[in-house]
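Here is the structure we will look at.
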Amino acid sequence: EPEVTQTPSHQVTQMGQEVILRCVPISNHLYFYWYRQILGQKVEFLVSFYNNEISEKSEIFDDQFSVERPDGSNFTLKIRSTKLEDSAMYFCASSAAGMENIQYFGAGTRLSVL
Amino acid sequence: AQKVTQAQTEISVVEKEDVTLDCVYETRDTTYYLFWYKQPPSGELVFLIRRNSFDEQNEISGRYSWNFQKSTSSFNFTITASQVVDSAVYFCALSEAPNRDDKIIFGKGTRLHILP
């Protein structure tokens, strides 16, 4: 069964460092998303991406964040200068055209900022 | 504004008991989708169900059933004959449907413990 794949499963970084979280969406999907979940809290929307541009972003998604689909298969989330409060689980999701709003999630990347 | 409320933070039941997880939502739109996702201890988010706002039929899938009532803006989830493997955090969620790439708004989740 096709699935969304995220790497790494756990990323540890020092405050102020840049991190790139990687996702491989389901192959025929066209809509891509990032969400985050601070430990013990709810899942929050960060950004949606379609046709090589951002469709919508939340207040959380400030200038420190960027997304890219560099090669037609990967979908990345970059945090330019990590802060302690960026520590969270980051989920990538994708959905197919014609299957409105069924977003399938990856297993997540746990980001720990020290 | 969109909002999903899961008033039950944590529930514990003994195996084989039935349990209902409550979900109340708010939206200004007449067209929307409601979801339930399961997050087991391993951390991934597992899609369970999506319900269109125009379809108020209740749904049953094995031991899982969902009760959608627009009149009370509720979308409750019942597990019958619960099993230890049902232990997880369950999230109710909402998406307003006009655009195909609408974000999903999650509730805070209900942590369900099934005790052997």
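Convention: sequence-line order gives letters A, B, ...; per-chain numbering from 1.
- Within residues 9-19 of chain B, no residue has any heavy atom closer than 4.5 Å to a heavy atom of chain A.
- The number of heavy atoms from other shown groups lying within 6.0 Å of CZ (Arg69(A)) is above 12.
- Only the side chain of Gln39(B) has a heavy atom closer than 4.5 Å to any heavy atom of chain A.
- With Tyr35(A) contributing its side chain and Ile104(B) its backbone, the two residues share a donor-acceptor pair below 3.5 Å.
- Only the side chain of Gln37(A) comes within contact range of chain B, with heavy atoms under 4.5 Å apart.
- Side-chain contact between Lys108(B) and Gln41(A) is absent, with no heavy-atom pair separated by less than 4.5 Å.
- Under a cut-off of 6.0 angstrom, the local environment of CG in Leu114(A) is crowded, with over 12 non-hydrogen atoms contributed by other residues, nucleotides or ligands.
- Atom CG of Leu84(A) is surrounded by more than 12 heavy atoms from other residues, nucleotides or ligands within 6.0 Å.
- By the rule that hydrophobic residues join a cluster once side-chain heavy atoms approach within less than 4.5 Å of another member, Phe68(B) and Tyr64(B) end up as members of one cluster.
- Expressed to the nearest 0.5 Å, how far OH of Tyr104(A) lies from CZ of Phe47(B) amounts to 5.5 Å.
- Annotation: Glu59(A), atom CD; neighbour count of heavy atoms from other residues, nucleotides and ligands within 6.0 Å does not exceed 12.
- More than 12 heavy atoms of other residues, nucleotides or ligands shown are found within 6.0 angstrom of CG on Asp62(A).
- Counting heavy atoms from C-beta outward, Phe45(A) and Phe106(B) have side chains that stay 4.5 Å or more apart.
- Linking Ile, Leu, Val, Met, Phe, Trp and Tyr residues whenever their side-chain heavy atoms come within less than 4.5 Å leaves Val46(B) and Val89(B) in two separate clusters.
- Remark: Lys3(B) NZ is loosely packed, at most 12 non-hydrogen atoms of other residues, nucleotides or ligands lying under 6.0 Å away.
- In this structure, CD1 on Ile102(A) lies 8.0 Å from OH on Tyr33(B), to the nearest 0.5 angstrom.
- The side chain to side chain donor-acceptor pair (under 3.5 Å) check on Ser112(A) picks up His10(A), with sequence neighbours excluded.
- By the criterion of side-chain heavy atoms lying less than 4.5 angstrom apart, applied directly or through intervening Ile, Leu, Val, Met, Phe, Trp or Tyr residues, Tyr32(B) is grouped together with Phe75(B) in one hydrophobic cluster.
- In this structure, the separation between NZ on Lys103(B) and CD on Glu44(A) is 12.5 Å, given to the nearest 0.5 Å.
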